Amino acid sequence: MATKKKSGTKIVAPSSMGRKTAAMMIEPAKGKLGVMVVGLGAVATTMIAGVEAVRRGLAKPIGSLTQMGTIRLGKRTDNHSPLIKDFVPLADLKDIVFTGWDIFEDNVYEAAAHAAVLDTDTLKKLKPYLQRIKPMPAVFDQYYVKRLNGTHVKKGKNKRDLAEQLRADIRAFKKTVDRVVMIWAGSTEIFLKPTAVHQSIAAFEKGLEKNDPGIAPSQIYAYAALKEGVPFANGAPNLTVDVPAMIELSKQNAAPICGKDFKTGQTFMKTVLAPAFKARMIGVKGWFSTNILGNRDGEVLDEPQSFKTKEESKLGSLEYIFQPDLYPDLYSDIYHKIRINYYPPRGDEKEAWDNIDIFGWLGYPMQLKVNFLCRDSILAAPIALDLVLFLDLAKRTPELRSLGIQEWLSFYWKSPQTAKGLYPEHDLFIQSMKLKNTLRHIMGADLITHLGLEYYD
Ligand SMILES: NC(=O)c1ccc[n+]([C@@H]2O[C@H](COP(=O)([O-])OP(=O)(O)OC[C@H]3O[C@@H](n4cnc5c(N)ncnc54)[C@H](O)[C@@H]3O)[C@@H](O)[C@H]2O)c1
């Protein structure tokens, strides 16, 4: 039996005896978890302020699977579904300590006020705490994000020097906490493809020395994190860790990595609807997706080279879900178009429209329209929090920490990362099952297959 004690209660997971040691080998979440956030903009400040609001009992962590989600253990008749955070040893919110980098000097209070996601009343209550979090100077180069220009930036003789400065920041922070995780909530960089410099650690390190243009700032942060054995999550669609050199480094230093680009609004809905059409063998002829968005992210994405990076990430999911090679009559001829329009009056309150041209029995056409009036950072903040907590768990789990890519975290990404030659799983419900079964597995509990024949014996 796998057990975990929490406030005097004991969560017991049904398991086969052979797997019980797995859970015991997970290191406990003792002490402080340091979270280093790259880019203290809308998403980051909404996460940080949100965590503090929850810690003070001012609000509930809605949207966070780690804080509100449950996990069924055993048979349906057992009625045993503890909270995930009571089942696996996750860091407690009260033990999280935030720091970060940005190209602007604003502290987190000022940055949150500028992002205008949370109302002024809430921010005022949190002001003393948020004001204390001040960004460290960033590694930045406008070549990679054309629409931004900041002055709070590190200087170095080459990219290797900049990476060393980031490593020094990480090491200094490590002295104040017990464990560290890094998450990129910085801007979307221009579209980059992997080149020779990304093929091995040695090539990458040579590239840092020679200022290779294929190495973007996000990769300098990721390299610094992985070199220091720190797990790294990438909230933007940037290339970053999606290259052999980073995967190698992640494995070598037991620093978990995962996919990229938070799956929040439109793609979240796509990965719910597309599996439903496929499950019912409904054909799809066209999928037109458009958005209006007025925050700084929208401004950055208004620039064609940054948009291209986002577009690639958003386009991928349908192709993989529909498997046109297996279902040529249904999905081989889909016109998939995505637009993001910068429209300042809306701020963070994005509006997304989808027009989906589908067809059914004997090919008769139908349409579905989705109009999602969402709030970008309200959707992204709990995802960022969950990723930080799960990556910290992965780092403490012997079976996971040296795998490199944590495919079980695909659930959170527009572009899940997978082993070479393996197609990514985009279906949200398969991703959710994979995530929960991974948690059961590392805790030595029985997996849930949903077979259920035993109820009819
Ligand atoms: N909000 C969502 O729903 C969502 C979904 C998926 C992905 N994302 C991505 O998350 C990222 C953050 O989104 P946001 O709305 O918070 O954007 P934002 O523009 O409000 O914040 C980004 C911050 O990163 C900083 N920055 C840029 N380059 C940096 C660097 N090299 N080092 C340090 N700081 C740097 C900027 O100064 C800014 O403060 C974007 O890339 C966005 O595309 C957001």
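Predicted model, so just to flag it, every value in this text is computed and none were measured. As the structure lists them, so they are numbered: ligands from 1, and atoms in each ligand from 1. Numbers for residues simply follow the sequence, beginning at 1.
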Of all the non-hydrogen atoms in the protein, which one sits nearest to [atom], and at what distance?
atom	answer
atom 31 (N) of ligand 1	V139 O, 2.8 Å
atom 20 (O) of ligand 1	A42 N, 2.9 Å
atom 9 (C) of ligand 1	G235 O, 3.5 Å
atom 32 (N) of ligand 1	Y221 OH, 2.9 Å
atom 25 (C) of ligand 1	D102 OD2, 3.3 Å
atom 22 (C) of ligand 1	A185 O, 3.5 Å
atom 21 (O) of ligand 1	G41 CA, 3.3 Å

Could you tell me whether some N/O pair between [X] and ligand 1 is separated by less than 3.5 angstrom?
X	value
F140	no
G186	yes
D348	no
T264	yes
L301	no

Quick one: do the [X] and [Y] side chains pair a donor with an acceptor below 3.5 Å?
X	Y	answer
R55	Y129	yes
N295	D348	yes
Q266	D354	yes

Can you find a pair of side-chain heavy atoms, one from [X] and one from [Y], that are under 4.5 Å apart?
X	Y	answer
M433	F429	no
V388	L33	yes
F262	Y412	no
P231	I257	no
I96	L93	yes
S81	I71	no

Look at ligand 1 and say whether [X] reaches it with a heavy atom at a distance under 4.0 Å.
X	answer
Y144	no
V145	no
A115	no

May I ask you to list the atoms of ligand 1 that are less than 4.0 angstrom from any heavy atom of [X]?
X	value
L148	27 (C), 36 (C)
A138	32 (N), 33 (C)
K414	5 (C), 6 (C)
W101	33 (C), 34 (N)
F104	37 (O)
V43	1 (N), 13 (O), 14 (P), 15 (O), 16 (O)
D261	6 (C), 7 (C)
R296	19 (O), 38 (C), 39 (O)

* Minimum heavy-atom distance between I321 and P275, given as atom pair plus value -> CG2-N, 3.8 Å

Closest to [atom] (judged by heavy-atom distance), picking from [options]:
atom	options	result
atom 17 (O) of ligand 1	D297, N149, I378	D297
atom 27 (C) of ligand 1	S377, P137, S187	S187
atom 29 (C) of ligand 1	T45, N234, I103, L40	I103

* **Charged tip of K308 within 45° of F191 ring normal and under 6.0 Å** => yes

* Parallel, tilted or perpendicular for Y320 and H426, by the 30°/60° rule? -> parallel

* To do: Determine the interplanar angle of the W408 and F390 rings, folded into 0 to 90°, and report it as parallel if under 30°, tilted if 30 to 60°, perpendicular if over 60°.
  => perpendicular

* Of the options D242, N234, T309, which is the one that meets K260 in a side chain to side chain donor-acceptor pair (under 3.5 Å)? -> D242

* Apply the side chain to side chain contact (heavy atoms under 4.5 Å, CB included) test between V108 and each candidate in I48, V37, L126; give the one that qualifies. => I48

